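All remarks here apply to the structure that follows.
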Amino acid sequence: MGTKTLMSVEEFDRLEEPDELSYELDEGELVVMTKPRPLHNRVVLSLTFELQTYLKTHPVGEVFNPDNLFVLGPTTKRAPDVSFVLAERASKLDPNADIPGAPDLAVEVMSPTDTVSAMRRKIRQYFAAGAQCVWAIHPETREVEVWREASRAEVVLQETGLLEAPDLLPGFSVAVGSLFG
């Protein structure tokens, strides 16, 4: 087994990123992200559409796509599949830099190559950096875990459940089943 090479956020920023690959930095370890499959993309696009539609009439914040990196610490950068930042904070972001801290709402869509332990690690990192809520979406089982703290999921929603975050997105609601097309 080889030795891991750890790096800082500054070293990560100096990497030349080939067009076909994307990366995250997990407590110093460089992680190559796999390309998403159609089901994954369908879920990301559906949720993004629902959030953007809601935000047109409720301008409480901004939605970001997975191309945006969040600096969760000196050796950690993550790119949630969908993320939401409250308006006051979003208005102060440098449009030419990665986003400091966690999104207020981070959404991760499980891919077939993701492990439960890796997902739990991401969830802990988001909360440690200030996230208020995390949605972990499982396309294969058509479920969503709603996390409001790092230690455990508050609820697991089935297809007929309603996905909501009243503290962040007052009045927003989407049927879980509608996310899967």
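The structure displayed is predicted, hence computed values, not measured ones.
Cluster annotation: Leu30 and Leu72 are assigned to distinct hydrophobic clusters (Ile/Leu/Val/Met/Phe/Trp/Tyr, side-chain heavy-atom contacts under 4.5 Å, transitive). The hydrophobic clustering, which links ILVMFWY residues whose side-chain heavy atoms are closer than 4.5 Å, places Tyr54 and Trp135 together. If you chain together hydrophobic residues whose side chains sit under 4.5 Å apart, Val82 and Phe70 never meet in one group. Under the 4.5 Å side-chain heavy-atom criterion for ILVMFWY residues, a single connected hydrophobic cluster contains both Val43 and Leu157.
Of all non-hydrogen atoms in Ala90 and Val85, the two that sit nearest each other are N-CG1, 3.7 Å. Scanning both residues, Glu149 and Ser151, for their nearest heavy atoms gives OE2-OG, 2.6 Å.
Considering only heavy atoms from C-beta on, Val107 comes within 4.5 Å of Leu47 through its side chain. Contact check for Gln132 versus Arg148: no side-chain heavy atoms found under the 4.5 Å cut-off. In this structure, Val134 and Phe127 have side chains that are in contact, with non-hydrogen atoms separated by less than 4.5 Å. Phe84 is not listed as a side-chain neighbour of Pro103, based on a closest heavy-atom distance of 4.5 Å or more. The shortest side-chain heavy-atom distance between Arg121 and Glu27 falls under the 4.5 Å cut-off. Residues Asn68 and Ile99 meet the side-chain proximity criterion, which asks for heavy atoms closer than 4.5 Å. At least one side-chain heavy atom of Met110 sits under 4.5 Å from a side-chain heavy atom of Met119. Contact of the Leu55 side chain with the Val63 side chain is registered, since non-hydrogen atoms from C-beta on lie closer than 4.5 Å.
Rounded to the nearest 0.5 Å, atoms OG (Ser111) and CD1 (Ile137) are 11.5 Å apart. How far NE2 of His58 is from OG1 of Thr53: 12.0 Å, rounded to the nearest 0.5 Å. How far CG of Leu105 is from CG of Leu51: 7.0 Å, rounded to the nearest 0.5 Å. Separation of atoms OH (Tyr126) and OG1 (Thr76) is listed at 10.5 Å; rounding is to 0.5 Å. Atom CD in Glu143 sits 3.5 Å away from atom OG1 in Thr141 (nearest 0.5 Å).
Every residue two or more places apart in sequence or in another chain that forms a salt bridge (charged side-chain N to carboxylate O under 4.0 Å, His left out) with Asp104 is listed here: Arg89.
A donor-acceptor pair is defined here as one N or O able to donate and one able to accept, closer than 3.5 Å; no such pair exists between the side chain of Asp98 and the backbone of Val71. Side-chain atoms of Ser83 never come within 3.5 Å of backbone atoms of Pro80 as a donor-acceptor pair (strictly under, hydrogens ignored). The backbone N or O of Ser8 sits less than 3.5 Å from a side-chain atom of Glu11, completing a donor-acceptor pair.
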Show your reasoning for whether salt bridge (charged side-chain N to carboxylate O under 4.0 Å, His left out) applies to Arg78 and Asp26. CA-CA 8 Å; Arg78 293 293 192 179; Asp26 180 5; 3.1 Å; yes
Can you check salt bridge (charged side-chain N to carboxylate O under 4.0 Å, His left out) on Glu24 and Lys77, steps first, answer last? CA-CA 6 Å; Glu24 288 184 343; Lys77 280 189 173 187; over 6 Å; no
In sequence, state the C-alpha distance, the side-chain angles, and the governing distance for Tyr23 and Val31, and then conclude on side-chain contact (heavy atoms from CB on, under 4.5 Å). CA-CA 6 Å; Tyr23 301 95; Val31 178; over 6 Å; no
Could you give me the CA-CA distance, side-chain angles and deciding distance for Gln158 and Arg142, then say whether side-chain contact (heavy atoms from CB on, under 4.5 Å) is met? CA-CA 7 Å; Gln158 309 297 319; Arg142 300 171 77 94; over 6 Å; no
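Around CD of Glu154, the count of heavy atoms belonging to other residues, nucleotides or ligands within 6.0 Å exceeds 12.
Applying the salt bridge (Lys or Arg N to Asp or Glu O under 4.0 Å) test to pairs two or more places apart or on separate chains, none has a residue in residues 41-70.
Judged purely by distance below 3.5 Å, without hydrogens or angles, the side chains of Glu145 and Trp147 pair a donor atom with an acceptor atom.
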Would you list the atom pairs, donor with acceptor, under 3.5 Å between side chains in residues 160-181 and any protein atom, with sequence neighbours excluded?
| residue | atom | partner | partner atom | Å |
| --- | --- | --- | --- | --- |
| Glu164 | OE2 | Ser173 | OG | 3.4 |
| Ser178 | OG | Ala175 | O | 2.7 |

